[in-house]
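These notes are about the structure you will find just below.
Order of the sequence lines fixes the chain letters, A, B, ..., with proteins taken first and strands second; residue numbering starts at 1 for each chain.
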Amino acid sequence: MSASYRISGGSALKRERTVRFRFDGRDYVGHQGDTLASALLANGVGLFGRSFKYHRPRGIVSAGAEEPNALVGAFGPTGGFTPNLRATQVELFDGLVAESQNRWPSLDFDVGAINNWLSPLFMAGFYYKTFMGPKAAGGNWVWRQLFEPAIRAAAGLGSPPTEPDPDRYASMFAYCDLLVIGGGAAGLAAAETAANSGAQVILCDEQAEFGGWLLSEAQAEIEGRAARDWAADVVARLRGRDNVQLLTRTQAFGYFPHDFVGLCETIEDAARCRNPALPRERLWQVRAGRVVVATGAIERPLVFVDNDRPGIMLAGAAQTYLQRWGVMPGRRIVLFTACDSAYPTALALAEAGGNVVELIDLRSNVAEALSAPLRARNIAVSVGAAVTGSRGGLRLNSVEIRSVDRNGQTGAMARQLACDTLLMSGGWTPSVHLHSQARGKVAWSEEAKAFLPVARAGGPISAGACAGKFGLRAAIRSGADAALAALGAPPTVDVTPAVAEPALDLTGMVGRVPFAGDPRRGKAFVDFQNDVSARDLLLANQEGMVSIEHVKRFTTTGMATDQGKTSNLNALAIVASNLGKPVPAVGLTTFRMPYTPVSFGSFAGIGRGDQFDPIRRTPIDGWAQAQGAVFEDVGTWKRARYFPKPGEDMHQAVARECRTVRQSVGMLDASTLGKIEVVGPDAAEFLERMYVNSWRKLAPGRCRYGIMLNEAGYVIDDGVIARVAPDRFHVTTTTGGAPRVLHMMEDYLQTEWPDLKVWLTSTTEQWAVIAVQGPKAREVLAPLIEGVDLAPKALSHMAYAEGRICGVKMKLFRVSFTGELGYEVNVPADYGRAVWEAIWEQVEKYGGCAYGTESLHVLRAEKGFIIVGQETDGTVTPDDVGLSWAFGKGKGDFVGKRSLSRTDLAAAGRPQMVGLLTDNPAIVLEEGAQIVAMVNAPIGTEALGHVTSAYYSSNAGRSIALALVADGRNRLGTKLHVPMPGGSVSVTLVEPVFVDPKGERVNG
Amino acid sequence: MVERRVEPSTATVGLMLPAFADVAALTQTERAERWTLRGPDAALDGLCAALGLARPQRLRATVAGSRAAFWLGPDEILALAELGAAPVDFGAGSDGAAVEVGDKFVGLDLAGRRADAVLASHCPQNLSLAAFPVGKVSRTLYAKVEIVLWRRGASSFRIEVVRSFAPYLVAALTAAAEDLAALDRR
Amino acid sequence: MRYHIGNLLRGSLSGQTGWPAQWRDPAPKPSYEAIVVGAGGHGLATAYYLASRYGVNRVAVLEKGWLGGGNTGRNTTIVRSNYLWQESQGIYEHAMKLWQDLSHELNYNVMYSARGVLTLAHSVHDIQIVKRHVHANRLSGIDNEWLTPAQTKEFCPPLNISPSLRYPVLGASLQRRGGTARHDAVAWGFARAADRLGVDIIQNCEVTAIRRGPDGAVTGVETTRGAIAAPKIGVVAAGHTSHVMAMADVRMPLESYTLQALVSEPVKPVLPCVVMSNGVHAYISQSDKGELVIGSGTDQYLSYAQTGALHISTHTLEAISDLFPAFRRMRMLRNWGGIVDVTVDRSPIVGLTPVPGLFVNCGWGTGGFKATPGSGEVFAATIAKGVPHPIAAPFSMERFRTGRLIDEAAAAGVAH
Amino acid sequence: MLNIRCPYCEEDRPEIEFRNAGEAHIARPDEPDRVDDRQWADFLYTRDNPKGWHAERWRHVHGCGRFFNAVRHSVDDRILLTYKAGEPKPDIERMLREREA
Ligand SMILES: Cc1cc2nc3c(=O)[nH]c(=O)nc-3n(C[C@H](O)[C@H](O)[C@H](O)COP(=O)(O)OP(=O)(O)OC[C@H]3O[C@@H](n4cnc5c(N)ncnc54)[C@H](O)[C@@H]3O)c2cc1C
Ligand SMILES: NC(=O)c1ccc[n+]([C@@H]2O[C@H](COP(=O)([O-])OP(=O)(O)OC[C@H]3O[C@@H](n4cnc5c(N)ncnc54)[C@H](O)[C@@H]3O)[C@@H](O)[C@H]2O)c1
Ligand SMILES: Cc1cc2nc3c(=O)[nH]c(=O)nc-3n(C[C@H](O)[C@H](O)[C@H](O)COP(=O)(O)O)c2cc1C
Ligand SMILES: [Zn+2]
C-alpha cells in the first residue's frame, strides 16, 4: 500500500529500510525511523482511538510525550503486551502489532459512543450524586452488584496485560558532575560547555535522537547551516569525548532529594528484534553534582467547541511530522493560532507542497513580516478571528470561524471553512515538571503567560524554553550559561554560535478561546484524554470546588496518563476566569514523578523470582535436598522442615522423627541460629545489661539460657550463651532475630555505654551447627571427637568445650532444646556438610534420623520451651511465659527492666503461658484459635487467650498445645473452651510440660 | 584416635561468568583464613602486627605477601590470609578482639573491561577511579546484599560476601554482565 | 438539592446548572462551641457527628489547605475491620458498620465497594498470625475467613500462587465486607453534610497558636485568618499533630513519616479485590477508574515532605510484579506521599489531653482511612460529653504510661 | 535517596547504606528505677517530631557500622551537618546564622 501522505524529506527516516506493521488488523508499511504515529499518518490514518468517557473518535494531537489521544496497545518484540502506549512514542519495528483501545466492536463503529449523547448526564462528578441504590433494597447491594460493575467496565483505557512479562530490565547507578536533562539546543549547549571544562557529564533525552526542536526547525540557521546539522555536529563532538555519557530514549522521570535523578532508558525495539537478549529498559539512578534542566516547552491546544476531532493537531507537531518524518498532515490545511510559531509552520508545509488554505490568528496585531510570506504563497491570513467550532465525522471536514474584537467578543456572523486538517497553537508552556519535582518554586510571568522556574541556590538550573528562553540563540546561550553556573566556572565571553532566526513571539493565550453564546453549550475540550471540557470546569466551580486541587479531583482534569501536559494551564486559566481571579492566585497542581509513565518492570529490575530476595541456604542444605527434605522459609533462610520417607505425609514424618529422637537419636541442622562473639574485658558486664540473666558468675566452659527484652519490657529474643573465656562469650540468637539483636547491641554499646570495652562480631555463618539429640547422642558423637571428654561429669548439661571432630576444629555445646541428652556441634562452615555426613553414618547405626524444624517445634513444645515469635508476639513479658526464674538475682539495671514495673506489665491477670489438653486427645487445636470460658460462646464473648502452639505429639500419644491465657497459672486444672466453626473444643489447663516433667532425660 | 577425617567443601556460589568474559570474568577465590579484628587503634595495631600487616587507614587496605587487611570501620578490620601458614597468635589480653571468620565469607575476583560497570549496575557507590581509586576498600551493597569491595586495579576488584548471600550475588552480577554484554554490542 | 438520579436527569436538560455549592465558603466567626483543627476525613466526620448526633452545631472546622487534601486525599482507600485486639476491633468495626450505609446517611455516593480484602500468608509463621486474626475476628462477629492458595487464586485470578515464588502464597484471610471507598467522596460527603447542618468549614486557615486561659484551659486559636474563640478544641491534624499540639505545650508520642502510594495507568477491570501482603510489603487494588492503586512503605526517617524515596517505591513494585507477573508491564502513572503520624503501637490516640478543653484524635498512621466514620463518631461524642466514648477509651494517651499498648504492629507486621 | 556524609568514613554515601535510628540526644536515664512512670514513658515514646531541623541518629550499617548524628531538615531534607555519636548537640540556630553571614 502506498503511504499517500508521505512526501519527500524526513530526517529521521531511513527510506531504504521499509518496515511492516499491523494496526487494528490491517497491514501497513512504514520506514525505519518512523513512529507508529508518523507511519499511520503517512498512510492516511487519522483515527487512532476513542476517548475515555464519551468514546469520541480521536486522532493525533502531538508528536511526542505529551500526546493525550493516540493511545494504543502493542506487542513488543518478545511478545509482551503493553496498553496505553502513546503512538507518538512507539518506534516501528518489523512485525509490530498494535491495536486501538476503548472501543467495541471497532474503532470506526463504537457502541460506547452512545455516551456522547448521554453526556449532559455524565458531567463531572455525576457518580457522586446517584447510583446509591434505593435504601430499602439495601442500597449498598445495588451499587455493588449493578452500578459499580457497569462503571468499572466502562472505565479503564486499554486492556491489561494478562501474560507474565517475558522481558528483562537492567539497572545502573551513575555519578556525574553535571546531569543535563533534555538534548535540544539548550541541553546540547550546556553539555558541550560543561564537557569542555573537563567535567563528567551525562546528557539524556527521551527521544530517539538528540536535537529537540532543532530537528523540527524549518527556518533558523546556525553558522549558516540548517539548525539540525549544528545539532548533529555537537552530538558528534560529544560522542568523541570520554567525559560525556550520551543517553537517548532516556526519560528523566523523577527528581529526588539531594539531586538524585531517576532516568528510564528504553532499548530500541528494532534492536531487540535482532537480539532478544537485550533488556527492554534500563533504570538509571544518577547522583549528580549539579543538574541542568533543559526540557523545552510544550505547545498548548486551543480550547473551542469540538476541538477534539481527528484532523485537529498542534501546529508544532505538524511541523515536526513534516521535518522529521516527511508526513503531510492533510489534504486541506487550516491553521488557528494565538502566537507566531504557526506562521513558519504554514510556510514550511506550503513549501513542501501542502495545500494550506488559511491561517486564523486570534490576535489583531500581527506583524506584516509574519503574514506577508504566507500571503505571497496564497495562504489567507485572517487576524482577529477565531475558530469557534468544527464539523465532521471520523475526520474533520470544516471549521466555524468568527471574528473577535479587541475585547474578546466574537462576531455574530460565522463562516464555515472546509478543511480536513486544523493545526492549532495556543502558545508554548515551559516544561517545569522536573524543576518542580526538585521542590523548586515557579512564578507566573504575565508577559510569557507561563509559570517560570525560580532558581534556588544549589538547585537545578533551568535553561532554554523550559526557562522561558524561547528563541534559539537565547536557548543556546542560556544552556551554556547554566552549565557554567552549575560548575561554578566564571562567566565566559559569549561563545554562542551565530544564529539566524526569525523573531517569534510565542506567548499565545491561556484559557478558553472567545466564543459565542452559552458557555455550557457544546464541549470545548481542555483535557482530551479524560474528556474534561470547559463546562465541566464551570460546573465544578459552581459546586463550590474553588481550589484547583478540588477542581482537578472533581473533574479529573490533568489526571489522565498524560498528566495534563497539554491541558493544565488552560484548565487553570479557565478556572481563574470563572472565579474572577488572576491565574497565579489559582495556582498549579503538584508535579509528581514520573514525567511520563514508567513500567513497573523498570523499577523492579532483576528483583523477580529467586532474585526477589536472597535465598539463604546452610552448608548442609545440599544434603537435606538430596534426602528429599521439605523446606520452609524462615526469614530469608530455607530450613528443612521434615524429611519424609516415601509415602509419608508431614504428620507421619514428624511423628516418626519425634519418636526417633526420644527413643534413640536425631540430628538437626541448626546452622541458621544467629551467633555473635562478644569479646572484651567488659563482656560479662555488657551481657549483664543486655539480658535479664546474670553473667558475671558464669564460669568459662558453662552455658546459660539468656532472655533479651526491648526497653519496653517485652521479650524479643532468646538463646544459649556460652562463656568461652573470661573475656569471651559465644551468644546465640533466634534465626530471624540475629541482625536485629546485633544492631541493638551495637546501639547500646556505641551510644549508651561507649566506656565498655566490648567488641561484637557476627559469626552466624562462620559455624555450621549440628544438633545431635537423643539418648544415643553421646554414643553417636564419641567415636568422632577428640580432645573433649564426653563423660557426663566432665561435660554436664549446659557445658561448653572446644576440641576436634573428625579432625576438624569444633565448639561443642551440651545443650538441649528437646529435653533429651543433646549436643550442638559447631564446625567451620566449609566442614559442615562433611562432618554432618560423618555423624549421619553414626546416627544411622543407631536407627536415628535427621529431623527438621517441624519436629523441632513439637519436641520443644512437649517440654514447654517457648519460641520467640510464636509464644511471644512483642506484647509478652518474661513472666507471662514463665521465665521469671531466669532473672539474675539482685542484679542491677538491664534493658527493659524499668518497664516491667509499669502498671500494666505488673498487673495481675495478664495472659500467662499454660499447657492445654483437649478432652478428645485426637483433636489437634489450631494455632491462633481463641480460648473462652463458655461452651459455644456467643459472638462478642471476650477471649481469655489464644493457642500459640498445637501439635500431635507421638511421644505423648495425644495432641498437645501451649497457650497464653489470662491469669492462666491460677486456672490450672480448670476447663476452658476453644470455639471453632464446627463447635467448641473443651480443653483442660495444665502445666506446659507434656513429656518428662521432672526433666531427667537431659542428663542422659 | 578418631578414624574418620573429613575434607572441607568450598561454598558453592552458583554460576560463574565465563560466557561474558569480554565484559568481565568472575572467579571464586581459594579458601582462606579470615579474622574480624575489632578495637581501638592501638589494639588494631597489635592485631595487625600479629599478621605481619600494618593497620590500614580509612577506607584502604594494607597488603603483605598473601595477607591483606581491609579497613571496614574505625574499629573494625577484616584480615585475610592464605591457608596453611603458621597459626597466628594474636596474644591474649589486648583491648581488642580477633574473631575467626574464615568460612563466613566467600571471596570473588571480578576483572575485565567492564568490571566497574557490572558493579555499578547494582552498587550504589561512586565507582569512578577518582572516587574509588585503586587500593580503596569499602563495605557497601550490591543489589540486596552487603559486600566488601576492594579495588585492586582499574578494572579488577575483589569482593568478599557472607557465604549464604553468595549465590544471590553471583546471580545478580551475572544478570548485570549479561545485560551489559547485550547492550554494549547494540 | 438532594443528590438523586431524578435531579440528575432533570439537570441534564439544563446543563446541570441547578446544583448549589457543596459547601459554603464562610468567613470565620469570632467564636464557636467547638473548633476542629484539620478538615481531613476524620475532622469533617467529627464535625458532622457533633452536629448530627450530639447537638453541637456551632462548630468550625479549620483547614490550612483545601479540605480533604491531607492523607484523606492521598491514601490507598483500603477499608477493613479484621484487626487482632478487641480494642481495635471495637473501633474499626464501629466504622465498618457505618460504612455500610454511609452513602445514604450523607446523601453522597462514597463508592464504598465491598470487594473483599485478601491478606496473604507467605510462611508458616504468617499462617499462624493470619489465622489468629481469623479466629479472633470470628469470635467478635467480624467476618474473616481463611482461604487455601487455590481458593485465594479463585477469588483473585491474576495472583501468582506458584510454589516457586520466592515467598509463595500459602493461603490468605478474606474479609468480604472489606474493600475500598472513594477517598475524595468521603471527605466531600462529610463536608457537604456537615455544612448543611451549619458547620463552618474554613479553608486556607492555618492554626498557628492555641490560646489558653489562666486556668490552663483552652480558650481558642489563632489562625492565619485571625483569632477564633472556643472552649473546646479537637485536634485532628494527622501528620501535623505533634506540631499543632506543641502549640499547647503538649509533647506527643508520635513520629511523622512519609508514606508513599502510586497508581498505574488505567486499564479495564483486572483485579477484583484488595490484596495485602505484610510479608513482601505490598498493597494493591483497582479503582473504579481502572488504575491499580498501590501502597508502599514509609521512608525510614522522620519527614514532612510529601514525596518519598525512589528505592521505597522500587521495592514495592518489585513485590507487586512478583505477585502479579503480568502487571510488570503496567506503568506507573503517578506517585505521591502523605505524612502519617505513627505511634509506637501503631494504634491511634483518641481522647482527652492534659490540657482542659483540648482533645486529640491522631496516630492513625498508615491505616486510618477505614476508620473515618467510626473515629469521627466516637471523637464527636468525646468532645461533646467531655469524657471518652467507651470505644475510644482504650486509645487514651494514658496507655503509654501504664504500658497497656494496643500493639497491632507486633502482631501483624504493618497495619494498613 | 539521600546522600549522607558519614563522619567516620568522611565520605558522602547513599542512604541505603544507612539505617535511621530516630531522634538523637535522648538520654537513657542513668538510674531508670528512680524515674516515675511518666518520665519513663517520655523517654520511651515521646518525641519532638519537629517540622524543621531535626537532630537524628543514623547508623552506617552497611558501611563502617558506626552510629552518628545528623541535623536534617524534615521538610526539605537538607542536611546541615553530621557528627559523631557522643558529640554534643550543635547550636543549630547559630550555625544557620553563620551560614547566612
Ligand atoms: C499513602 C497512604 C496510604 C494509606 N493507605 C491507607 C489505607 O489503604 N487504608 C486506610 O485505612 N488508611 C490508609 N492511610 C492512612 C489514612 O490516609 C489516614 O490515617 C487518614 O486519612 C487520616 O485522616 P485524617 O482526617 O486524620 O487526616 P488528614 O486527611 O491528613 O487530615 C488532617 C488535616 O489537618 C490539616 N492540618 C494540619 N495542620 C493544620 C493546622 N495547623 N491548621 C489547620 N489545619 C491543619 C491538614 O492540612 C489536613 O487536611 C494511608 C495513608 C497514606 C499517606
Ligand atoms: N515552534 C517554534 O518555533 C518553537 C517553539 C518553542 C521553542 N522553539 C525552539 O525550541 C528550542 C528551545 O530549545 P530547548 O533546548 O529549550 O528545548 P527543546 O524542545 O529543543 O528540547 C527539549 C528536549 O528535552 C527533552 N525532554 C523533555 N523532557 C524530558 C525528560 N523528562 N527527560 C528527558 N528528556 C526530556 C525533549 O525530548 C527535547 O528533546 C529553540 O530552538 C527554540 O527556538 C521553537
Ligand atoms: C485512590 C487514588 C487514586 C488516584 N488516581 C489518580 C489518577 O488516576 N490519576 C492521577 O493523576 N492521580 C491519581 N491520584 C493521585 C492524585 O493525583 C494526587 O497525587 C494525590 O491525591 C496526592 O496529591 P498531590 O500529588 O497533589 O500531593 C490518585 C490518588 C488516590 C488516593
Ligand atoms: Zn561510615
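Listed by first and then second residue, the salt bridge (charged side-chain N to carboxylate O under 4.0 Å, His left out) pairs that reach into residues 91-101 of chain D are D:R94-D:E98, sequence neighbours excluded.
Looking at D:P29, there are no atoms closer than 4.5 Å to chain A (heavy atoms on both sides), in backbone or side chain. For A:D747, the parts lying under 4.5 angstrom from a heavy atom of chain D are both the backbone and the side chain. For D:R28, the parts lying under 4.5 angstrom from a heavy atom of chain A are both the backbone and the side chain. The part of A:R287 that comes within reach of chain D is its side chain, from C-beta onward, which places non-hydrogen atoms under 4.5 angstrom from that chain. For a residue to count as touching a neighbouring chain, one of its non-hydrogen atoms must lie under 4.5 Å from one of that chain's; by this rule A:P257 touches chain D with backbone and side chain alike. Contact annotation for A:F894: only backbone heavy atoms (N, CA, C, O) come within less than 4.5 Å of a heavy atom of chain D. Of the atoms belonging to A:E711, heavy atoms from both backbone and side chain fall under 4.5 Å from chain D. For D:L44, the part sitting under 4.5 Å from any heavy atom of chain A is the side chain, from C-beta outward, and nothing else.
The two residues D:H60 and D:R13 make their nearest non-hydrogen contact at CE1-NH1, 3.5 Å.
With respect to D:R5 and D:D12, a salt bridge is recorded, a charged nitrogen being found less than 4.0 Å from a carboxylate O. Comment: A:D880 engages A:R910 in a salt bridge, judged by a side-chain N to carboxylate O separation of less than 4.0 angstrom.
A cation-pi arrangement is absent between D:R72 and D:W53, since the terminal nitrogen or guanidinium carbon is not both under 6.0 Å from the aromatic centre and inside a 45° cone about the axis.
Using bins of under 30°, 30° to 60° and over 60° for the plane-to-plane angle, the ring pair D:F43/D:W40 lands in the tilted bin. Aromatic ring orientation, D:F67 versus A:H743: tilted (interplanar angle from 30° to 60°).
Contact count against chain D (heavy-atom pairs under 4.5 Å) is highest for A:T751 among A:D259, A:T903, A:T751. Counting heavy-atom pairs closer than 4.5 Å to chain A, the top residue among D:R57, D:E31, D:R78 is D:R57. Most heavy-atom pairs under 4.5 Å with chain D, from the set A:Q285, A:R439, A:K897: that is A:R439.
We find the CD-OH distance between A:E281 and A:Y169 to be 5.5 Å, quoted to the nearest 0.5 Å.
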